[in-house]
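Structure record follows, encoded as structure tokens.
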Amino acid sequence: MLTKAMKSVVAGGCLLAALFSSAQALAQTYVVGSGGTYRPFEYENSQKQLEGFDIDIIKAIAKAEGFDIKLVNTPWEGIFATLNSGDRDIIISGITITDKRKAMVDFSSPYFPAEQSIVVPTDSKVDSVTSLKGKKVGVVNSSTGDIVVSDVLGKNSTDIKRFDNTPLMLQELTEDGIDAAVGDVGVVKYYIKSHPEKPLKLVPDSKFERQYFGIAVAKGNTELKGKIDAGLKKIIADGTYAKIYATWFDNNVPTLPAE
């Protein structure tokens with residue numbers, strides 16, 4: 001037979017369980033759109049599931065802020081329109097923050113520095129864009145790197161070799177088809193980490209504009225933007241961000257600007 005005190009304990013336990021169950025039921029679920037073609041930021045694995053640096057980041061933010069997410073592979077073409085239509089609540093897809101895009105969506109605080117960088121064999125003497133003169137240089141066609149290198153070497157220079165994507169360009173570099181390459185720092189870092197047998201190094205240059213990736217929400221959705229920013233701040237402070245960064249890139253974790 002339960003005493004009055006025991007009944008109180010049981011009742012209290014039931015109340016806590018009910019409150020916990022209720023809190024779980026009330027957890028908000030947001031639909032997250034992400035392209036599956038930009039390794040290592042987001043891509044489909046063999047089980048057709050999205051993974052990558054961006055995916056780990058948004059999962060960590062959601063956990064830190066206590067909301068749930070549903071990941072949906074979303075083609076880059078029209079990805080911004082999915083926010084305005086309400087089909088997606090959040091998009092994270094290696095999106096560079098620009099003034100033009102700020103007019104369409106609201107961005108979180110920056111979560112990744114996305115500038116271009118020179119990449120060369122470790123024994124190369126190249127130390128700047130200017131020192132690329134007289135070298136065979138690979139760029140991704142029409143990229144920021146293409147524009148900067150064209151300005152230094154001349155747009156029609158026969159020393160510039162243009163590629164459709166960064167992996168093809170880096171393969172050519174490791175096979176000595178070119179002397180140097182210029183590409184997205186994240187993709188290059190991931191390639192170097194994934195191919196330790198091919199000794200390459202990064203060479204930064206101030207001629208490359210400092211840009212950042214941001215997580216986008218619909219224009220005016222300050223509540224959701226606030227949750228994302230708060231979650232990002234938490235995972236940076238507790239070291240989660242650094243662990244994710246090191247998993248995909250290296251231990252040179254960047255210092256991000258606060259907004």
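Positions are given from 1, in the same order as the sequence printed here.
- Residues D56 and W248 have side chains in contact (heavy-atom distance under 4.5 Å, counting atoms from C-beta outward).
- Between I92 and I95 there is no side-chain heavy-atom pair separated by less than 4.5 Å.
- Side-chain contact check for N73 and E44: at least one donor-acceptor pair (N or O, by modelled atom type) lies under 3.5 Å.
- With 3.5 Å as the limit, one finds no donor-acceptor pair spanning the side chains of Y43 and D54.
- Using a 4.5 Å cut-off on side-chain heavy atoms (C-beta onward), I61 and I235 make contact.
- Residues Q116 and T144 come closest through the heavy atom pair CG-CB, 3.8 Å.
- Residues I55 and V217 share a hydrophobic cluster, clusters being chains of Ile/Leu/Val/Met/Phe/Trp/Tyr side chains in contact below 4.5 Å.
- Listed by chain and residue number, nothing satisfies the side-chain hydrogen bond (donor to acceptor under 3.5 Å, both in side chains) test with D151 (two or more places apart in sequence, or in another chain).
- When hydrophobic clusters are built by joining Ile, Leu, Val, Met, Phe, Trp and Tyr residues whose side-chain heavy atoms come closer than 4.5 Å, directly or via intermediates, L232 is grouped together with I58.
- For the residue pair Y245 / K189, a side-chain donor-acceptor distance below 3.5 Å is found, with atom types taken as modelled.
- Counting heavy atoms from C-beta outward, D89 and L224 have side chains that approach closer than 4.5 Å.
- A ring-centre distance under 6.0 Å is found for F249 and F53.
- Between the side chains of S142 and D146, not a single donor N or O lies within less than 3.5 Å of an accepting N or O.
- When atom types are taken as modelled, the side chain of T174 and the backbone of K198 share no donor-acceptor pair closer than 3.5 angstrom.
- Residues F41 and F112 have side chains in contact (heavy-atom distance under 4.5 Å, counting atoms from C-beta outward).
- Each of I90, I91, L50, I215 was evaluated against V32; a single residue qualifies, I90, per the side-chain contact (heavy atoms from CB on, under 4.5 Å) test.
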Working for salt bridge (charged side-chain N to carboxylate O under 4.0 Å, His left out), residues K136 and D179: CA-CA 5 Å; K136 295 289 184 183; D179 301 308; over 6 Å; no
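- In terms of heavy-atom proximity, R162 sits nearest to S150 at NH2-OG, 3.1 Å.
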